[in-house]
There are 2 protein chains.
Amino acid sequence: MSQEDSRGVLEAAHSGGRASDTIVDRLQHQILSGELPDKSPLPSERDLMERFSASRTVIREAVATLASRGLLDAKPRFRPIVRKPGYDTALASVGSIVELLLEQKGGVGSLFQSRVFVERGLVRDAAVSAGKSDIANLKDALQRNQDAIEDSNVFYATDVAFHAVLYQIPRNPIFPTLHNAYATWLAPHWSRMLRSPERNRVNYASHETIYMAILERDPDAAEEALVDHLNTAWEHVRQTFGDVG
Amino acid sequence: MSQEDSRGVLEAAHSGGRASDTIVDRLQHQILSGELPDKSPLPSERDLMERFSASRTVIREAVATLASRGLLDAKPRFRPIVRKPGYDTALASVGSIVELLLEQKGGVGSLFQSRVFVERGLVRDAAVSAGKSDIANLKDALQRNQDAIEDSNVFYATDVAFHAVLYQIPRNPIFPTLHNAYATWLAPHWSRMLRSPERNRVNYASHETIYMAILERDPDAAEEALVDHLNTAWEHVRQTFGDVG
DNA sequence: GAATTCCTCTTGGTCGGACCAAACTTTTCG
DNA sequence: CGAAAAGTTTGGTCCGACCAAGAGGAATTC
């Protein structure tokens, strides 16, 4: 706990740190302040060399760091694009590690279990305090879900969308991001599940049950329906390929 | 000698990727497989150059990438240390972005709100399904909490520990990590809050109420007590410095 | 003999220059 | 005017070099 490197806004790297840290800080500040507009390309490396009077090595290292933080969108042979950080940025930056964790035994199961936990809370809250617009959104999503029963691909999309509505209800930007995370990391496994209009019909019915319970302001019923819905789906995923823990 | 020449490395560059990606993959594999033991230092860069027959530039880039993924613990002038990924690794790797997000208006509030959401679910579940050992752990933590009322610093630690027990109950490694995240990211704000034996007494009483509700298998009471507890604390934090949105 | 100081070798951080191929611009030409 | 060709910029990679800080061992001291 003795690593109290005070993050001084000014020179922090003089005493043994990396030179790139200074540039990272400065660039980061320029990005956050809008001096480097969002979605605009970063100046060329040779250009940055002059601005910061540093070698290309250091510049490239700084750029790489910023990219790993998600403040730059750096595709191989292209100019890095400035990207102001949002909650999704954080999500993207953990992606690579999470993928590793998911490969380990029980990884996907733990993630899914946490999703059930979250959505249980979401539907309970929805049942208690969903506003008119929330309910309208749910109804909308439910309708689209029903209309897509015959087309499994579209159904999958509307299924995700229905659940997404639940994450919007708390009006907390963290939740939609969370949903995004689940959708992203669970999709590879989820999509292997066999799909058919029959199964879609069952899932739609579950959605409807959840919706009705929310309408009726019955948290317990909503939670139960949600748990039932997700666990059933999970069972199908497990059956499709059994070793997910 | 190197029997591979430059075949392996250059191959990947053909498809537009970076040469370092190949090395990142190989090193990552060696780390995950245990070929490079956990907590052992990485070979020197010059050494790696030969093993992968790549330039130091590429090696360094690969190391930096792995470090950003949390698979290596790379302090400035020291040899990078191999670190097998766990859930906490993922947490660490988002740290820098999250810190930025928290600085933005409403950031801390959103995070705290999500914590309340999570812990509400946790105490509900605890009330419904906590096992004997869980309850024993809670009781233990509660006792330590009480014993520390006179010492605000210790009290803070035992306070965190009490909540941590809640995150252990689901037996899902994601939750303790989550708790860690909250503790880490909220602490800077939390710790500014005025502390005193009187406040500690109030907080202890809240913990006790929560514990009792769990004992009595009353999810609603547990949730209510938890919400009350956290919101009160939050109010104190906001009063201490009003600009957290 | 153990601790300390000093010296040397190693190693990570940085630099500058160079080359290539892909991306971007400008010019040329049908 | 639009497409093809020529020219320029730029990111990716490699090389060789230098410096200062870390690591290890030798010499020195108590």
Side-chain angles (χ1 to χ4, degrees), chain A residues 2-3 5 11-27 31 36 39-83, chain B residues 1-2 4-27 31 36 39-83:
Chain A
S2 58
Q3 61 213 13
D5 274 352
E11 66 220 29
H14 266 250
S15 57
R18 306 175 214 274
S20 63
D21 289 349
T22 309
I23 302 190
V24 167
D25 285 346
R26 290 218 264 166
L27 277 176
I31 292 175
L36 286 172
K39 296 180 182 175
S40 69
L42 209 62
S44 77
E45 295 177 351
R46 270 114 178 155
D47 192 339
L48 292 173
M49 291 180 58
E50 291 190 7
R51 299 199 195 190
F52 297 105
S53 53
S55 70
R56 200 142 84 93
T57 309
V58 173
I59 296 294
R60 284 179 61 77
E61 199 176 310
V63 169
T65 300
L66 281 259
S68 82
R69 287 190 193 176
L71 292 176
L72 292 177
D73 189 13
K75 282 171 294 186
R77 281 245 160 219
F78 294 81
R79 197 73 75 73
I81 304 294
V82 173
R83 194 172 48 182
Chain B
M1 292 270 204
S2 50
E4 308 178 305
D5 281 332
S6 49
R7 230 179 316 171
V9 174
L10 294 183
E11 203 170 323
H14 266 251
S15 54
R18 308 173 217 271
S20 64
D21 289 349
T22 310
I23 302 189
V24 167
D25 285 346
R26 290 218 260 165
L27 277 177
I31 292 175
L36 287 172
K39 295 180 181 175
S40 69
L42 210 62
S44 78
E45 295 177 351
R46 271 113 177 157
D47 192 339
L48 292 173
M49 289 179 61
E50 290 189 8
R51 298 201 195 189
F52 296 106
S53 54
S55 70
R56 201 144 85 93
T57 309
V58 174
I59 296 293
R60 284 179 60 77
E61 200 176 311
V63 169
T65 299
L66 288 180
S68 81
R69 287 190 192 176
L71 293 176
L72 292 177
D73 190 14
K75 282 173 293 184
R77 279 257 163 206
F78 293 80
R79 197 71 74 73
I81 304 293
V82 173
R83 193 171 47 181

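Keep in mind the model is a prediction, meaning the values are calculated, not measured. Chain letters run A, B, ... following the sequence lines, proteins first, then strands; residues in each count from 1. Side-chain atoms are counted along with the backbone in the values below, which use heavy atoms only and exclude waters and symmetry mates.
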How close do A/Arg79 and A/Pro43 get, heavy atom to heavy atom, and via which atoms? NH1-C, 3.8 Å

With a 4.5 Å heavy-atom cut-off, do A/Phe52 and A/Thr22 have their side chains touching? no

Side-chain heavy-atom pair A/Val82, A/Leu72 within 4.5 angstrom cut-off: yes

Base, sugar-phosphate, or nothing: which does A/Thr57 touch, judged by heavy atoms less than 4.0 Å apart? base

Rounding to a whole Å, what distance do you find between A/Glu61:CD and C/dG12:C1'? 11 Å

Roughly how many Å is it from CD1 in A/Ile23 to C1' in C/dG13, rounded to a whole number? 13 Å

Report the nucleotide, chosen from D/dC14, C/dC15, D/dG11, that has the shortest atom-to-atom distance to any side-chain atom of A/Glu45. D/dG11

Nucleotide D/dT13, atom P - distance to CZ of B/Phe52 in whole Å: 15 Å

Between B/Arg60 and C/dG13, is there a side-chain N or O to OP1/OP2 distance below 4.0 Å? yes

Considering every strand and a 4.0 Å limit on heavy-atom distances, what is the contact class for A/Arg79: base, sugar-phosphate, or nothing? sugar-phosphate

For a quick test of reading the model: is some side-chain N or O of B/Arg77 closer than 4.0 Å to OP1 or OP2 of C/dG13? no

B/Ile59 CD1 to D/dG12 C1', in whole Å, measures 15 Å

Spacing between B/Leu42 atom CG and C/dT10 atom P, to the nearest angstrom: 19 Å

Can you measure B/Leu48 atom CG to C/dT11 atom P for me and round it to whole angstrom units? 11 Å

Are the side chains of A/Thr65 and A/Arg18 in touch, meaning some heavy atoms are under 4.5 Å apart? no

Hey, which sits more toward the 5' end of DNA chain D by its nearest nucleotide, B/Arg46 or B/Met49? B/Met49

On DNA chain C, check which nucleotide each of A/Phe78 and B/Pro80 is closest to and give me the residue with the more 5' one. B/Pro80

Whole-Å gap separating C1' (C/dG17) and CZ (B/Arg56): 16 Å

Is the shortest heavy-atom distance from the side chain of B/Thr57 to the side chain of A/Arg60 under 4.5 Å? no

